[in-house]
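Read the structure below first, then the notes.
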Amino acid sequence: MADVVEVRLYAAARAAVGASTLQVPAGSLSSMLEAIEAEHPPFAPVRSRCSFLVDGEAVHDPGVVVAPGSVVDVLPPFAGG
């Protein structure tokens with residue numbers, strides 16, 4: 001699985017998916033998130049409230065291409081934030 005990205009999910013995103021990490025095919029951030037939604041429908045309403053980090057850098061453009069071997073953190077708002 002060389003063309004995959006590790007997606008780490010936190011708080012409500014982890015609860016919606018039922019896992020703390022997933023391996024998804026590399027591609028645009030948007031396509032990866034859509035793949036997660038297709039497999040885990042409860043993730044859809046959580047996604048809109050999340051922030052995303054790619055290899056530790058904040059990403060605001062869903063069209064950004066995430067390279068194989070990268071790590072994406074999915075961060076919903078935490079208590080008080």
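Just so we're clear, the structure is a prediction, and the values are computed from it rather than from any experiment.
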Val46 and Pro76: which non-hydrogen atoms are nearest, and at how many Å? CG1-CB, 4.5 Å
Of Leu9, Asp55, Val54, Leu53, which is the lone residue that meets side-chain contact (heavy atoms from CB on, under 4.5 Å) with Asp73? Leu53
Could you see if Val64 belongs to whatever hydrophobic cluster contains Leu33? Use Ile, Leu, Val, Met, Phe, Trp, Tyr and a side-chain cutoff under 4.5 Å. yes
Determine which pairs satisfy side chain to side chain donor-acceptor pair (under 3.5 Å) with at least one residue from residues 38-52, sequence neighbours left out, and list them in order. Glu37-Arg47
Are Leu75 and Leu29 linked, directly or through other ILVMFWY residues, by side chains that come within less than 4.5 angstrom of each other? no
Determine the minimum heavy-atom distance between Val24 and Ile36, stating which atoms define it. CG1-CG1, 3.9 Å
Could you tabulate the donor-acceptor pairs under 3.5 Å formed by side-chain atoms of residues 11-19, not counting sequence neighbours?
none

Co-membership, hydrophobic cluster, residues Val59 and Leu22, 4.5 Å side-chain: yes
Do the non-hydrogen side-chain atoms of Phe52 and Val74 ever get within less than 4.5 Å of each other? yes
Could you report the tightest heavy-atom contact between Ala26 and Ala67, atom names first, then the distance? CB-C, 4.2 Å
